[in-house]
Participant: 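Quick one: the structure is below, questions incoming.
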2 protein chains.
Amino acid sequence: MLSTERQPSGEGGNASVRVTLKDIAQRAGVSMMTVSNVINGNSARVSPATIERIQRIVVELGYVPSHSARSLAAKSSRMVGVLVPAADEESLTISPHNVAIIGQLERELRKRAYDVLLRGIARPGEVAEALRAWNLDGALLLGFLDEEIATFTASSAGRTRIVAVDSYADNPVTRGVRTDDVTGGRLAAEHLRALGHVDVVFAGPRFAGQGVVWQRFQGFKEALGGDCAVEAANTTYDDGVALGRRLRADHPSATAVFATADILAIGVVAGLQETGARVPDDVSVMGFDDLDLCRYVRPTLTTIAQDLPAKAATAVAMLIGEIERDEEPPAPATLDVHLVERGSTGPAR
Amino acid sequence: MLSTERQPSGEGGNASVRVTLKDIAQRAGVSMMTVSNVINGNSARVSPATIERIQRIVVELGYVPSHSARSLAAKSSRMVGVLVPAADEESLTISPHNVAIIGQLERELRKRAYDVLLRGIARPGEVAEALRAWNLDGALLLGFLDEEIATFTASSAGRTRIVAVDSYADNPVTRGVRTDDVTGGRLAAEHLRALGHVDVVFAGPRFAGQGVVWQRFQGFKEALGGDCAVEAANTTYDDGVALGRRLRADHPSATAVFATADILAIGVVAGLQETGARVPDDVSVMGFDDLDLCRYVRPTLTTIAQDLPAKAATAVAMLIGEIERDEEPPAPATLDVHLVERGSTGPAR
DNA sequence: GTGAAAGCGCTAACAC
DNA sequence: GTGTTAGCGCTTTCAC
């Protein structure tokens, strides 16, 4: 109870700085195993009286278990890796979307008493390396390209569980949690069609037969009925601005733009406005994600919303399920999306 | 050479999956120590030929050192904690400002071969706990209140190095990296004065004689010359909107607002606009931080810029300096700020 | 230059 | 219910 009594008094001059299981065991007059069982909540194997006594001593001495030791002995670390793409050793600019999700993941994991190793991945091999170096119980991959994930898992030892967020790579080791991107694309197209838009531009990172962007494009194109122009652009504000600036020159008859990310859409709006175009009067623009950002800009951004907290919770639940209950790798989870109408879309002119 | 020969052949049926130091040692016909020295770059103690041979085997077998084991034996983990405030076990909404900095910190640490444990802190005791549980070499504290930091360090074992970012708490264990907040406040005031503003409102989280916000207020008030109204508001968009909405009612004669965070300022602008006020024609608004966000909104936000990458780099350099070279705790570092004029401020009406 | 012994703090698998 | 034995994979210390 007294917070001043934190230094072990004296026993026999043992290690002064770190309180270990052994210290507790000696003080309590029991074996280390008994203490270990109490610490780990194996109450079935210890008498209530002993439990109570040990817990008191634990608090009294300020005992904190060594996760390194536990990890070594038990081959499990209660730590999972949150792995994000890093262009190279020099950079780590976490995308706004990933940023939003990392906090949620940490929270979900902490609730379950897992720690988080945050790490940027520059070379494919680093995934397996990180996993093994720390005996990670699992890993969450955030926003890697499908083909990258294939490389990771090839080099992965195989035992560690991996859940990829926002990926369509299906393979023996990776399970995925993703948004219903096809529906998202469809909802966007339907919204624009309902407003009378026919000549529209699809803007997003280059895609080729797979991945999040491709999925969105499939849904979009199909629901649109007709053809649509595709503009390749990175998911950045500046690329959006560039596209917005030249949009009316390159696509004079287009009345709407669907961008695969909010940040890109916001750039497009800014670029358009620079050229004197009014949004949505002249051109409608919509994004994808529903970041907080959408409410901050003017006009506010119409977008396809995904439930980020739910995505994070699902990813963690899947991973922990595989880890703790050794569940069968669950089928990829697909989360619902919905349209959020705001100010950046309006009737076709 | 053959990559299929990864399973140690026979010995006595030892651990099959993980390649250990011992495996390397046996294959190379040397002792574990020699291998260990090679791995750790203690080249002084090993002959060049041996080094070369061992390194080849390491690659061949795909050896990855166990950080848990290293951490246990060496009492140092090459891992540092990045600790952020979490309101409670249930939440972790990392502030935009902290988010921006986390990526930078990870990058800086990875460059130096340190791993990052990301953890939300709900109770003061968790800091010391996290530190000891993983044998962390150090910790970076992000955006905690000064008084919170005092509690952490009180319960800290004392040996582990801690650097607090954005804090003024000076005590034996914590060193700080912060922005020159007083100057930031001063620059804001000077800018507004130069535009002819006299009746201005200072908006930010409640403060009381210490902390980042207080510092900014000191600089601001002094440079302003006169008195200024203070409005307490959390650093959120919604609080900003609320303030903006009632600003003209509560402060009819005010012509400018200085908010201590961009996100808050952006909310204020939105709230003002809702009431029909024009920014900056009727009211000028400025923020602090210079997040990317400032360029996305309309009008673009005038703000006090801090160099986030530099802040991150400095924090990491300080921490690593203390860890590796056992340097004296350096004096708190204070980083420069500068005014970035954009569209949200203009001449007083 | 290289090696042997001891142990970091913990847990698995059994015995009692 | 509780204790014992044997490591997990690495580094330290000191001997050769």
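To find a chain, count down the sequence lines: A is the first, B the second, and so on, and within it residues start at 1. Heavy atoms only: backbone and side chains are in, while hydrogens, waters and symmetry mates are out. Worth saying up front: this structure is predicted, and the values here are computed from it rather than measured.
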Participant: How far does the helix from C/dG1-D/dC16 to C/dC16-D/dG1 bend, going by the axes of its first and last five pairs, to the nearest 10°?
Facilitator: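 For the helix from C/dG1-D/dC16 to C/dC16-D/dG1, the axes at opposite ends meet at about 30°.
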Participant: Please state whether the phosphate of D/dG3, meaning OP1 or OP2, lies under 4.0 angstrom from any side-chain nitrogen or oxygen of A/T34.
Facilitator: yes
Participant: D/dC10 phosphate, OP1 or OP2: any side-chain N/O from B/S68 under 4.0 angstrom?
Facilitator: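 It does not, given that no N or O in the side chain of B/S68 lies less than 4.0 Å from OP1 or OP2 of D/dC10.
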Participant: Once side chain to side chain donor-acceptor pair (under 3.5 Å) is applied, do any residues pair with B/Y63, and if so which ones, sequence neighbours excluded?
Facilitator: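 Scan of B/Y63 (side chain to side chain donor-acceptor pair (under 3.5 Å), adjacent residues dropped) gives none.
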Participant: Using the side chain to side chain donor-acceptor pair (under 3.5 Å) rule, collect all pairs that involve residues 36-46 of chain A, keeping only residues at least two apart or in two chains.
Facilitator: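 Counting only pairs at least two positions apart or across chains, the side chain to side chain donor-acceptor pair (under 3.5 Å) contacts touching residues 36-46 of chain A are A/N40-A/R70.
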Participant: Let me know the distance between CD1 of B/I54 and C1' of C/dG1, rounded to the nearest Å.
Facilitator: 11 Å
Participant: Check the phosphate of C/dG3 against B/S31, side-chain N and O only, distance under 4.0 Å to OP1 or OP2. Yes or no?
Facilitator: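 Indeed, a polar side-chain atom of B/S31 lies that close.
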Participant: Closer than 4.0 Å, any side-chain N/O of A/S47 to the OP1 or OP2 of D/dT2?
Facilitator: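 The answer is yes; a side-chain N or O of A/S47 sits under 4.0 Å from OP1 or OP2.
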Participant: Identify all side-chain donor-acceptor contacts of residues 309-322 of chain B below 3.5 Å with residues at least two apart in sequence or on another chain.
Facilitator:
residue	atom	partner	partner atom	Å
B/K311	NZ	B/D166	OD1	2.5
B/K311	NZ	B/D166	OD2	3.3
B/K311	NZ	B/T179	OG1	3.2
B/K311	NZ	B/Q306	OE1	2.7
B/T314	OG1	B/A310	O	2.7

Participant: Rounding to a whole Å, what distance do you find between B/E52:CD and C/dG1:P?
Facilitator: 18 Å
Participant: If we ignore hydrogens and angles and just use 3.5 Å, is the side chain of A/E148 paired with the main-chain N or O of A/L145 as donor and acceptor?
Facilitator: yes
Participant: Whether the B/S68 and A/N135 side chains hold a donor-acceptor pair (N or O, under 3.5 Å, no angle test) is what I'd like checked.
Facilitator: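 No, no side-chain donor-acceptor pair sits under 3.5 Å.
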Participant: Verify the contact: side-chain N or O of B/K75 to OP1 or OP2 of D/dC10, cut-off strictly under 4.0 Å; return yes or no.
Facilitator: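 Looking at the OP1 and OP2 atoms of D/dC10, neither is under 4.0 Å from any side-chain N or O of B/K75.
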Participant: Under the salt bridge (Lys or Arg N to Asp or Glu O under 4.0 Å) rule, what do A/R78 and A/D115 come out as? Steps first, then yes or no, please.
Facilitator: CA-CA 6 Å; A/R78 277 202 99 77; A/D115 280 320; over 6 Å; no
Participant: How does protein contact run along nucleotides 11-16 of chain D, one letter per nucleotide 5' to 3', with B for base contact, S for sugar-phosphate only, - for none, heavy atoms under 4.0 Å?
Facilitator: BB-B--
Participant: Main chain of A/V116, side chain of A/E106: is a donor-acceptor contact present, judged purely on distance under 3.5 Å?
Facilitator: no
Participant: What is the nucleic acid contact for B/T50, judged by heavy atoms within less than 4.0 Å: base, sugar-phosphate only, or nothing?
Facilitator: sugar-phosphate
Participant: Kindly write out the residues that satisfy salt bridge (Lys or Arg N to Asp or Glu O under 4.0 Å) with A/E108, not counting sequence neighbours, or none if the list is empty.
Facilitator: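 A/E108 satisfies salt bridge (Lys or Arg N to Asp or Glu O under 4.0 Å) with A/K111, A/R112 only.
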